[in-house]
Amino acid sequence: WLAAVMARAAPYLPYIYDRIRLYGLPEELAFLPVVESEFSPRAVSRSGAAGLWQFMKNSISGYGMRVDEWVDERRDFMKSTDGALRKLADNYSTFGDWELALAAYNAGAGAVGRAVAAARRAGAERADYWELRRRGLLSAECAAYVPKFLAIASILRYPARSGAALSWDGGPAWETIEPGRPVDIALLSKKAGIDPAELREANPELRHGVTPPGAGYLLKVPAESAGAVRAAVSDAS
């Protein structure tokens with residue numbers, strides 16, 4: 001199962017690691033989408049969370065994503081990665097503890113804050129994640145969430161110790177192109193001489209296979225195809 005999930009992760013991990021290093025966060029956070037979505041940008045939970053990092057619509061405010069008739073940027077692997085890492089950093093700033101920060105990513109900062117306050121009112125010397133869990137102050141899902149992540153991160157950081165046969169071949173390098181107007185992905189692919197499935201899979205946030213009007217939207221393309229795509233966009237302008 002982990003081998004299959006990490007094969008799906010290959011296109012995204014280089015970007016995720018770059019952003020983790022930029023923000024100065026623990027590298028193990030790169031494995032959180034294993035728990036959240038099994039590294040599927042099209043994953044949707046029963047509660048409506050979407051994308052690699054499983055954002056709810058009501059949790060994207062302030063994290064640089066939009067959801068409208070053209071795009072659902074919770075599925076944009078670049079924007080959702082930046083949003084998730086910023087959210088995790090905010091949680092750490094609030095709680096000063098990575099296990100609580102992860103719990104808050106799952107259950108919400110408000111719920112974890114209330115659990116911490118309840119533990120302290122009950123006389124807990126240290127209201128950390130494990131104490132909240134021991135006291136039954138977390139939901140069943142949150143009580144399982146952090147141990148599951150820690151187990152997966154431990155295996156994936158040191159796969160040989162667990163006898164896991166995992167491939168760490170690097171994924172593609174990415175570039176972004178701003179079309180500035182609606183562009184049909186299938187027609188663009190044909191004109192650029194690349195596989196349309198490649199562009200569709202890189203940009204699953206597009207609801208209709210067409211880029212949105214106006215400035216600001218960035219189409220993600222493999223670096224090796226960027227020149228051809230730019231030429232095709234420019235030629236059609």
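- Here Y92 pairs with W98 under the ring pair (Phe, Tyr, Trp, His ring centres under 6.0 Å) rule; sequence neighbours left out.
- Take Y105 and apply the side chain to side chain donor-acceptor pair (under 3.5 Å) test, not counting sequence neighbours, and it matches no residue.
- For D76 and K220, the salt-bridge test passes: some basic side-chain N is under 4.0 Å from an acidic carboxylate O.
- With respect to E175 and R230, a salt bridge is recorded, a charged nitrogen being found less than 4.0 Å from a carboxylate O.
- With a 4.5 Å cut-off on side-chain heavy atoms, K190 and P196 do not count as touching.
- Checking side-chain atoms of N203 against main-chain N and O of L199 turns up a donor-acceptor pair under 3.5 Å.
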CA sep, side-chain torsions, deciding dist, call: L156, E28, side chain to side chain contact (heavy atoms under 4.5 Å, CB included): CA-CA 9 Å; L156 293 177; E28 287 83 355; over 6 Å; no
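- Note: the hydrophobic cluster containing Y17 also contains V5 (ILVMFWY, side chain heavy atoms under 4.5 Å, direct or indirect links).
- Under the 4.0 Å criterion applied to side-chain N and carboxylate O atoms, E205 and K79 are not assigned as salt-bridge partners.
- For the side-chain contact (heavy atoms from CB on, under 4.5 Å) with V67, the lone residue among R207, E73, R75 that qualifies is R207.
- Judged as a salt bridge (Lys or Arg N to Asp or Glu O under 4.0 Å), the pairs with a partner in residues 81-93 (not counting sequence neighbours) are, in order, R19-D82.
- S154 contributes no side-chain N or O that, together with a main-chain N or O of A151, makes up a donor-acceptor pair within less than 3.5 Å.
- In this view, E141 and N106 satisfy the side chain to side chain donor-acceptor pair (under 3.5 Å) rule, not counting sequence neighbours.
- Here the closest heavy-atom approach between residue A115 and residue L138 is recorded as CB-CD2, 4.2 Å.
- A single hydrophobic cluster is not seen to contain both L218 and V71; linkage of ILVMFWY side chains at heavy-atom distances under 4.5 Å, directly or through other members, places them apart.
- Panel note: side chain E178, backbone G216; a donor-acceptor pair is recorded below 3.5 Å.
- In this view, N58 satisfies the side chain to side chain donor-acceptor pair (under 3.5 Å) rule with no residue, not counting sequence neighbours.
- Remark: Y12 pairs with F77 by the ring pair (Phe, Tyr, Trp, His ring centres under 6.0 Å) rule, at least two apart or across chains.
- Remark: side-chain polar atoms of R74 are paired, donor with acceptor, to backbone N or O of F55 under 3.5 angstrom.
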